[in-house]
Engineer: 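Dropping a structure here in structure tokens format, bear with me for questions.
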Amino acid sequence: MAKFIGRRLLAMVFVLWAVATFTYFMVHVTPGDTATAILIETYGEEVVSPETLQAVREKFDLERPLVQQYADWLVNAVTGNFGISYRYNLPVGQMLAMRLPNTLELGIASLIIALVIAVPLGVLSALKHNRIPDHLVRLVVLLLASFPGFWLAIMGIMLFSIQLGWLPTSGKGGFESLILPACTLSVGMIASTTRMMRTSTLDVVRQDYMTVARVKGLTRGAVMRSHGIRNVIPPIITLVGLQIGHILGGAVVIESICAWPGVGDLFINAVNSKDTPMIEGCVILIAFGYAFANLLVDIIYAWIDPRVKYSNAESGGAA
């Protein structure tokens, strides 16, 4: 296990470097001048002039060759220094530390909502296989999976905030301000988790040991509690790990629409102003979230399921 974790950590470092490098050069090949974007997003178009553009380029060393800028950034990033934000004129690490708790709050709330709704629906759908409850659950899941997150967020604001006045339109305040973005972000997770829970439960209830337990006189509920749940959970843990990555990535759109002050909103603003240090910091954080969540899931999976062994001879797959 130790060698497996070591290999995965090395692979994680390579993935983060590759993602950061690709992102760095993609930002610079996109149309638009960085200095102009910084001035427009920060102060407005009226301040753009040859003098102000030159001042911005000199302040952030934008006139140096791109390869040299990248090399300097990479050396600093290895030590944990992701540079100074062009737009906010603050250290990127400081800004991410300020915004990350808000993203985690939104993500954890949406994950709890998804699990509370999806797990019972998936079990119900499996136990009522090919009956009316199963068909209804599958129809609901199909509808939920068909709605784009940004559309749901906009419709939710129009209905619950503008028309009914039940919830705040945007921003972060009390508990009410969390409801709309959390519910919107959870919709996609509800659909995928319900499908996975249904499939996993169906696989378990069809096993021979489940049939034998029923033949011995145990009720279906007792069989599920005693033998079924422990075998249904492992695939769900894998899916939850992937959902953690979805939270970091999917929150980009939801946070922007709902003006939730998290990493996603920070990322969108950085893209609009071509704030390269901030873009790099956000991308690395999101990529790290995906990679670390997958590593954590593999470790937990092996811990709760003794049948899973990680072979030293393989590249990290479960054997």
Engineer: Rounded at 0.5 Å granularity, tell me how far CG in L185 sits from CH2 in W260.
Structural biologist: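 If I round to the nearest 0.5 Å, the distance is 11.0 Å.
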
Engineer: Distance from M95 atom CE to N269 atom CG, nearest 0.5 Å?
Structural biologist: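 One gets 9.0 Å once the value is rounded to the nearest 0.5 Å.
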
Engineer: For side-chain contact (heavy atoms from CB on, under 4.5 Å), just list the numbers for F267 and V283, CA-CA rounded to whole Å, side-chain angles, deciding distance to a tenth of an Å, and then say yes or no.
Structural biologist: CA-CA 8 Å; F267 178 70; V283 167; 3.6 Å; yes

Engineer: Taking all non-hydrogen atoms of both residues, which atom of I113 and which atom of S186 are closest, and how far apart?
Structural biologist: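 Taking I113 first and S186 second, the nearest heavy atoms are CG2-OG, 3.6 Å.
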
Engineer: If we only count heavy atoms from C-beta on, is the S85 to P277 side-chain gap below 4.5 Å?
Structural biologist: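 No - every pair of side-chain heavy atoms lies 4.5 Å or more apart.
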
Engineer: Roughly how far, to the nearest 0.5 Å, is CG of L66 from CZ of R64?
Structural biologist: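 Answer rounded to 0.5 Å: 10.0 Å.
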
Engineer: Does I284 reach the side chain of V19, with side-chain heavy atoms less than 4.5 Å apart?
Structural biologist: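 The answer is no, as the side chains (C-beta and beyond) never meet within the 4.5 Å cut-off.
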
Engineer: Check whether any side-chain heavy atom of L90 lies under 4.5 Å from a side-chain heavy atom of I84, and answer yes or no.
Structural biologist: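 The answer is no; the side chains never approach within 4.5 Å.
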
Engineer: If only atom types and distance count, is the side chain of T193 paired as donor or acceptor with the main-chain N or O of A118 below 3.5 Å?
Structural biologist: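 No: the side chain of T193 does not pair with the backbone of A118.
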
Engineer: Treating Ile, Leu, Val, Met, Phe, Trp and Tyr as nodes and any side-chain heavy-atom pair under 4.5 angstrom as an edge, say whether F147 and I117 lie in one connected cluster.
Structural biologist: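 Hydrophobic grouping puts F147 with I117.
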
Engineer: Hey, does the side chain of S110 reach the backbone of G107 with a donor-acceptor pair shorter than 3.5 angstrom?
Structural biologist: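 Answer holds: yes.
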
Engineer: Under 4.5 Å side-chain heavy-atom separation, chaining through any Ile, Leu, Val, Met, Phe, Trp or Tyr, what else clusters with V13? Say none if it is isolated.
Structural biologist: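 Hydrophobic cluster check, V13: no partners found.
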
Engineer: Evaluate the criterion side-chain contact (heavy atoms from CB on, under 4.5 Å) for residue pair L178 and L106; output intermediate values, then yes/no.
Structural biologist: CA-CA 7 Å; L178 178 63; L106 174 61; 4.0 Å; yes

Engineer: To check you understand the geometry: which heavy-atom pair defines the closest contact between G83 and N81, and what is its length?
Structural biologist: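 Heavy atoms only, the tightest pair is N-OD1, 3.1 Å.
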
Engineer: List the atom of R99, the atom of G262, and the distance in Å for their closest heavy-atom pair.
Structural biologist: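 Distance-wise, the nearest heavy atoms are NH1-O, 3.2 Å.
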
Engineer: Hey, any chance V116 and V137 share a hydrophobic cluster, counting ILVMFWY side chains that come within less than 4.5 Å of each other, even indirectly?
Structural biologist: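 No, V116 does not connect to V137 through the hydrophobic network.
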
Engineer: In the structure I gave you, are the side-chain heavy atoms of T21 and Y70 within less than 4.5 Å of one another anywhere?
Structural biologist: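 Yes. Closest side-chain heavy atoms under 4.5 Å.
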
Engineer: Group every Ile, Leu, Val, Met, Phe, Trp and Tyr by side-chain heavy-atom contacts under 4.5 Å, then state whether M12 and V78 land in the same group.
Structural biologist: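 In one cluster with M12: V78, no.
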
Engineer: What I'd like to find out is whether the side chain of V123 reaches to under 4.5 Å of the side chain of M197, using heavy atoms alone.
Structural biologist: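 With C-beta onward as the side chain, the pair touches.
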
Engineer: Minimum heavy-atom separation for A126 to L202, with atom names?
Structural biologist: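 Scanning both residues, the minimum pair turns out to be O-CD2, 3.5 Å.
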
Engineer: Taking the six-membered ring for Trp, are F14 and W17 parallel (under 30°), tilted (30 to 60°) or perpendicular (over 60°)?
Structural biologist: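 Rings of F14 and W17: tilted, as their planes differ by 30° to 60°.
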
Engineer: How close do E255 and G264 get, heavy atom to heavy atom, and via which atoms?
Structural biologist: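 Distance-wise, the nearest heavy atoms are OE1-N, 2.6 Å.
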
Engineer: I'd like to check W151 versus M155 (side-chain heavy atoms, cut-off strictly below 4.5 Å). Are they in contact?
Structural biologist: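 Yes - at least one pair of side-chain heavy atoms lies under 4.5 Å apart.
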
Engineer: Evaluate the side-chain contact (heavy atoms from CB on, under 4.5 Å) criterion for residues C282 and L96: first the C-alpha distance (whole Å), next the side-chain angles of each, then the deciding distance (0.1 Å), finally the verdict.
Structural biologist: CA-CA 7 Å; C282 293; L96 292 176; 3.9 Å; yes

Engineer: Counting only heavy atoms not in F22, do more than 12 sit closer than 6.0 Å to its CZ atom?
Structural biologist: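 No, not enclosed.
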
Engineer: Linking I/L/V/M/F/W/Y whenever their side-chain heavy atoms sit closer than 4.5 Å, directly or via other members, would L74 and F25 fall into one cluster?
Structural biologist: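 Yes, one cluster joins them.
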
Engineer: I need the I257 CD1 to I254 CD1 distance, nearest 0.5 Å.
Structural biologist: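 CD1 of I254 is found 5.5 Å from CD1 of I257.
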
Engineer: Would you kindly confirm whether I154 and I162 end up in one hydrophobic cluster when ILVMFWY residues are joined by side chain heavy atoms under 4.5 Å apart?
Structural biologist: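 Cluster IDs for I154 and I162 match.
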
Engineer: With rounding to the nearest 0.5 angstrom, report the CG to CG distance, L180 to L159.
Structural biologist: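 If we round to the nearest 0.5 Å, L180:CG and L159:CG are 9.5 Å apart.
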
Engineer: Please enumerate all residues that pass side chain to side chain contact (heavy atoms under 4.5 Å, CB included) together with P101, with sequence neighbours excluded.
Structural biologist: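 P101 satisfies side chain to side chain contact (heavy atoms under 4.5 Å, CB included) with no other residue.
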
Engineer: Taking V27's backbone N and O only, do any of them form a donor-acceptor pair with K274's side chain (distance below 3.5 Å, no angle check)?
Structural biologist: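 Yes, K274 side chain to V27 backbone: donor-acceptor pair under 3.5 Å.
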
Engineer: Just so I know, are the side chains of I157 and S161 near enough to count as touching, which here means a heavy-atom distance under 4.5 Å?
Structural biologist: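 Touching, per the 4.5 Å side-chain cut-off.
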
Engineer: Is it the case that more than 12 heavy atoms not belonging to I132 sit under 6.0 Å from its CD1 atom?
Structural biologist: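 No, not enclosed.
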
Engineer: Has the side chain of S273 got a donor or acceptor atom that lies under 3.5 Å from a matching backbone atom of R87?
Structural biologist: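 Not confirmed, S273 side chain does not pair with R87 backbone.
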
Engineer: Out of curiosity, L111 CG to I190 CD1, how far, rounded to the nearest 0.5 Å?
Structural biologist: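 Here the interatomic distance stands at 10.5 Å.
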
Engineer: Between L139 and H135, is a side-chain contact (heavy atoms from CB on, under 4.5 Å) present by the stated rule, with each step listed?
Structural biologist: CA-CA 6 Å; L139 177 61; H135 296 314; over 6 Å; no

Engineer: When you measure from the side chain of D275 to the backbone N and O of Y86, does any donor-acceptor pair fall under 3.5 Å?
Structural biologist: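 Judged by distance alone, yes, a pair lies under 3.5 Å.
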
Engineer: Determine whether a donor-acceptor pair (N or O, by modelled atom type, separation under 3.5 Å) exists between the side chain of S256 and the backbone of V253.
Structural biologist: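 Not at all, since once roles are kept as given, no pair shorter than 3.5 Å links the two residues.
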
Engineer: Kindly say whether P261 contributes a backbone atom to a donor-acceptor pair with the side chain of N102 at under 3.5 angstrom?
Structural biologist: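 Present.
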
Engineer: Looking at Y24 and E280, what are the two nearest heavy atoms and their distance?
Structural biologist: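 Heavy atoms only, the tightest pair is N-OE2, 2.9 Å.
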
Engineer: Could you check R198, R138, R195, R131 and say which one makes a side chain to side chain donor-acceptor pair (under 3.5 Å) with S125?
Structural biologist: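 Considering R198, R138, R195, R131, a side chain to side chain donor-acceptor pair (under 3.5 Å) with S125 is found only for R198.
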
